[in-house]
Amino acid sequence: MNSAFVEVGALGLLAVSVLGFWLHLRRSAGPTSDGGYPTRESIRLDLERVREEAIRWLTTTNHREIGILYLVFGTSAGLWGGIDGMMLRTELLTPPADIWTPETYNALFTTHGLTMLIFFVLPVFFGIGNYFLPLLIGADDMAFPRVNAIGFWLLPPALLLARGGLFVQVGGQLLSPFFSEGAIRFFLTLREVSVGWTLYAPLSVQSTNPQLDLLILGLHLSGVATTLGAINFIVTVVYERADDVTWANLDIFSWNMLVTSGLALFAFPLLGSALLMLILDRNFGTTFFAVEGGGPLLWQHLFWFWGHPEVYILFLPATGLLSTILPKFVGRRLFGYKFIVYSTLGLGVLSFGVWAHHMFTTGIDPRVRASFMAVSIAIAVPSAIKVFNWLTTMWDGDIRTTAPFILVAGSIGTFIVGGVTGVFLAVIPVDILYHGTYYVVGHFHLIVVGIIPFMMIAASYYWYPLMTGRWYDRRLARFQSVLLVFGSTITFTTLLVIGGLGLPRRQAIYPPEYQIAHQIATVGAYIVGLAALLWLYNMLASYWRGEVVRSTDPWDLKATGQFTKEWQWFEDRMVAKYDMEPTEPETVRAAYDAEGEPPGLLGGVGTVAENVSRNAGMAAVGGFVGTVLMAGGLGTAILIGVLDPASFGEISELVGLGASPLIGAVLFLIGGTITWPLIFLAFQEYLPGRLLFETGLVFATLMSTGFAVAFYTGQSGLGLIGYLAFVVVAHWAYGLGLTVTFQYLRRRARQRFAGVL
């Protein structure tokens, strides 16, 4: 089958369908009464109007309009790359290469990877950033509006250089019946690149396909565009913030865009240099990546020094969106804001120190491999911090199962699976075993598909009322979200499994015993494609037919204190333009108050010394009460013989006073009175629990696990069960005694401050 015709035909059909559908919707959306709210008038398709609109969009420097241009461009590229992916999976429906040729298969995964990574993800995130970042930080526009426009307009020619050969190839095939081969040689020599998206030397140096040179130039141009955009984001965040937006309360999406831009600023110029060296090797006989020169491994070092930070350049904006959207639909402020910021910075720094884990099988020095293995494992820590904070944000939240929340929850799930499987790949022996298998494909796609497109679509739903003044079809959106999560999970977990069984990737032909698994993965990919088309339909149709937004707070964010700056901008706009009344919530849940830092337990003010002395005094009283209550449970356990009092002697030994149970019990009482209450005061802000006593129970339960291990003296059977049960009950008594005492003292303190006592 002629893959070029199929691909261009699919693209053309999609483009014509979208254009026809858009024109149909626009014509059918006549001016109707909507109770006083504005409606869009049908637009006359006269040439003068088209010309004016074209000039406006070609010359605009408004950040929101450039953001829309980025979104349209990135979405178009994503659909193009998605068609590559669908064709790729279609070939794998059968074990032999009987739909496309092996070379076509190689070309498909090459262009799929490059299009998605370079021309889809980053442009879409830059579009979201352009539209919303200035609104989130209270800026009028990006710092350099004209540079912003230049940065975008470099992308279309970059994509044309990188992928335009496909259309030339189709043109040659159409002309071939009418002209001799010599007359149309130019059209027949270009064909899609099939050297792999990593462009490894020496294959990329030796390839005679001239399209590869155009692809390299296109990638270089896109790097220039990305660097310009990154500089603009950095300067905007640093210098254009409103007076009341500090580093301490900068929204989490802007933080992530700032770190992402910093990574791009260092990574993309290096890629550009490497690409120039590659094109010099191909065309001017230099030996940067030849054996007699720098060697083929030099390309891998340079490529992955860009390539691994690039993963985080794509990943971090998605986590920023997740951290922004999640709290809005669980009614709780983001748990551990500071730690999410620190983890973002940590990922940014560490991402430059892990590139060689892609090269464990290349024979580089074992000592170098070991150091990169250590850093690659360590980078899991900041990622895990994010997951922990997201899960804890949902803890005891008032969850609304909207489409954005479904996608957020799905992202967390797929990211956990994708992240954990990546930790195994960081270990040298495991990586050597699974390198070049579908395990890597499954792991990688569970992250890049399981969180990046999910969050893009979640953001489109979340901010759709703000951008258009209309609602999307919410029922269809929920269905589409579930479909997307389901299809992605089916596809990429299947690839994980067959990769674990050892099936190599990047091969059009595979053993017949894997056919069922590949067919399941392909059906899952088709479901993903269907979900993408449903999303596109919803966005287009709702723009004209969606329910008009009749509230300045369409998500009821004021009820939980999460009415952020971009929605404030929306409200001001609706009030000024349509004379709407600002929406006020009927109730505000104090327990979910999102304003500022949580107050201290005593809620008082004063010097540091006064606060320390108050907290220490309260900790001592609460700890003593809790320890006394705990002693009842532990004493009973000793009486019935499930707890050995001699185990307290180990505490005495630790401080060098011999194995005296009595001294150990006294030390245990001191610890319960001083140490553990102060630890609780330090961490209670970060422990889950809507009420203080619930937080105390969580704290006591965590403590009980350590006690159970430390004081275990070989109990078994019913004795062990009784030991564990008394340990837990005794610690719960401690937690209740501690926190109820705190509550009482806090209330007394507040009454005293208020002059009641």
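By convention here, the first residue in the shown sequence is residue 1. All values below were derived from every heavy atom in this structure, side-chain atoms included, with hydrogens, water molecules and symmetry-related copies excluded.
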Partners meeting ring pair (Phe, Tyr, Trp, His ring centres under 6.0 Å) with Trp390 (sequence neighbours left out): none
task: For Ile68 and Trp57, run side chain to side chain contact (heavy atoms under 4.5 Å, CB included): C-alpha distance rounded to whole Å, both residues' side-chain angles, the deciding distance at 0.1 Å, then the answer.
output: CA-CA 10 Å; Ile68 292 172; Trp57 284 100; 4.3 Å; yes
- prompt: With sequence neighbours left out, what residues match Ala242 under side-chain contact (heavy atoms from CB on, under 4.5 Å)?
  reply: Asp244, Val245
message: Applying side chain to side chain contact (heavy atoms under 4.5 Å, CB included) to Trp535 and Leu484, what does each step give before you reach the verdict?
response: CA-CA 10 Å; Trp535 167 80; Leu484 184 59; over 6 Å; no
field: Over 12 non-hydrogen atoms of neighbours within 6.0 angstrom of CZ in Phe266
entry: no
Atom pair CZ (Phe126) and OG1 (Thr260), whose distance is rounded to the nearest 0.5 Å: 8.0 Å
- prompt: Does Ser488 reach the main-chain N or O of Val485 with its side chain, forming a donor-acceptor pair under 3.5 Å?
  reply: no
query: Side-chain contact, heavy-atom cut-off 4.5 Å: Leu155 with Tyr70?
result: yes
- prompt: With a distance cut-off below 6.0 Å to the six-membered ring centre and an angular limit of 45° from the axis, does Arg241 pair with Trp247 as a cation-pi contact?
  reply: yes
task: Nearest 0.5 Å please: distance from the CH2 atom of Trp471 over to the OG atom of Ser551.
output: 8.5 Å
- prompt: Is there side-chain contact between Val311 and Ser351, with at least one heavy-atom pair below 4.5 Å?
  reply: no
statement: Residues passing the ring pair (Phe, Tyr, Trp, His ring centres under 6.0 Å) test with Phe132, sequence neighbours excluded, are Trp463
message: Checking Ile279 now: which residues fulfil side-chain contact (heavy atoms from CB on, under 4.5 Å) with it, not counting sequence neighbours?
response: Asp213, Ile216, Leu217, Asn283
message: Glu571: which residues meet the salt bridge (charged side-chain N to carboxylate O under 4.0 Å, His left out) condition with it, sequence neighbours left out?
response: Lys558
message: If you apply the rule side-chain hydrogen bond (donor to acceptor under 3.5 Å, both in side chains), what do you find for Thr324 with Asp251, and how did you get there?
response: CA-CA 8 Å; Thr324 300; Asp251 69 279; 4.9 Å; no
query: Would Thr344 and Lys386 count as having a side-chain donor-acceptor pair, cut-off 3.5 Å?
result: yes
task: May I ask you to test the Ser204-Leu212 pair for a side-chain heavy-atom distance under 4.5 Å?
output: yes
- prompt: Is any side-chain heavy atom of Val224 closer than 4.5 Å to a side-chain heavy atom of Phe268?
  reply: no
query: Relative to each other, are the rings of His358 and Trp304 parallel, tilted or perpendicular (30° and 60° limits)?
result: parallel
query: Do Phe415 and Phe454 have ring centroids that are under 6.0 Å from one another?
result: no
message: Quick one: does any side-chain atom of Asp553 pair with a main-chain N or O of Asp556 as donor and acceptor, under 3.5 Å?
response: yes
What side-chain donor-acceptor pairs closer than 3.5 Å can you find for residues 136-150, not counting sequence neighbours?
from   : atom 1 : to     : atom 2 : distance (Å)
Asp141 : OD1    : His63  : N      : 3.4
Asn148 : ND2    : Asn130 : OD1    : 2.5

- prompt: Using a distance-only test with no angle check, is there a side-chain donor-acceptor pair under 3.5 angstrom linking Asn389 and Thr392?
  reply: no
- prompt: Just by distance, with hydrogens left out, do Trp555 and Thr402 show a side-chain donor and acceptor under 3.5 Å apart?
  reply: no
- prompt: Got a sec, which residues hit side-chain contact (heavy atoms from CB on, under 4.5 Å) with Leu166, two or more places apart in sequence or on another chain?
  reply: Ala4, Glu7, Val8, Trp80, Arg163, Gln169, Glu192
task: Go through the structure and list residues passing ring pair (Phe, Tyr, Trp, His ring centres under 6.0 Å) with Phe444, not counting sequence neighbours.
output: none
- prompt: Strictly under 6.0 Å, is that where the ring centroids of Tyr543 and Trp22 end up?
  reply: yes
task: Determine whether Leu258 and Phe233 make a side-chain contact, defined as any pair of heavy atoms from C-beta on separated by less than 4.5 Å.
output: no
field: Within the 6.0 Å centroid threshold, strictly below: Trp355 and Phe372
entry: yes
task: State the CG-CG distance between Leu321 and Leu407, to the nearest 0.5 angstrom.
output: 11.5 Å
- prompt: Is the His301 to Phe305 ring centre distance short of 6.0 Å?
  reply: no
message: Considering only residues two or more places apart or on different chains, which pairs with a residue in residues 225-237 satisfy side-chain hydrogen bond (donor to acceptor under 3.5 Å, both in side chains)?
response: none
query: Cut-off 3.5 Å, side chains only: do Tyr337 and Trp255 have a donor facing an acceptor?
result: yes
message: I'd like to check the side chain to side chain donor-acceptor pair (under 3.5 Å) partners of Trp306; sequence neighbours left out, ordered by chain and number.
response: none
field: Leu58 vs Ile55 side-chain heavy atoms within contact, under 4.5 Å
entry: no
message: Enumerate the salt bridge (charged side-chain N to carboxylate O under 4.0 Å, His left out) contacts for residues 57-71, please, sequence neighbours excluded, ordered by first and then second residue.
response: Arg56-Glu65
- prompt: Among all residues two or more places apart in sequence or in another chain, which pass the ring pair (Phe, Tyr, Trp, His ring centres under 6.0 Å) test with Phe570?
  reply: Trp567
- request: Give a yes or no answer on whether the side chain of His112 reaches the backbone of Asp84 with a donor-acceptor pair at less than 3.5 Å.
  value: no
message: Please determine whether the number of non-hydrogen atoms from other residues, nucleotides or ligands lying under 6.0 Å from atom OH of Tyr342 exceeds 12.
response: no
query: Only one of Tyr472, Tyr537, Tyr461 forms a side chain to side chain donor-acceptor pair (under 3.5 Å) with Gln480, so which one is it?
result: Tyr461
message: For the CG atom of Asn538 and the CD1 atom of Ile457, what is their distance to the nearest 0.5 Å?
response: 10.5 Å
query: In Å and rounded to the nearest 0.5 Å, what is the CG to CG distance from Leu263 to Leu316?
result: 6.5 Å
Val237 vs Met257 side-chain heavy atoms within contact, under 4.5 Å: no
message: What's the separation between atom CG in Leu159 and atom OG1 in Thr115, rounded to the nearest 0.5 Å?
response: 7.0 Å
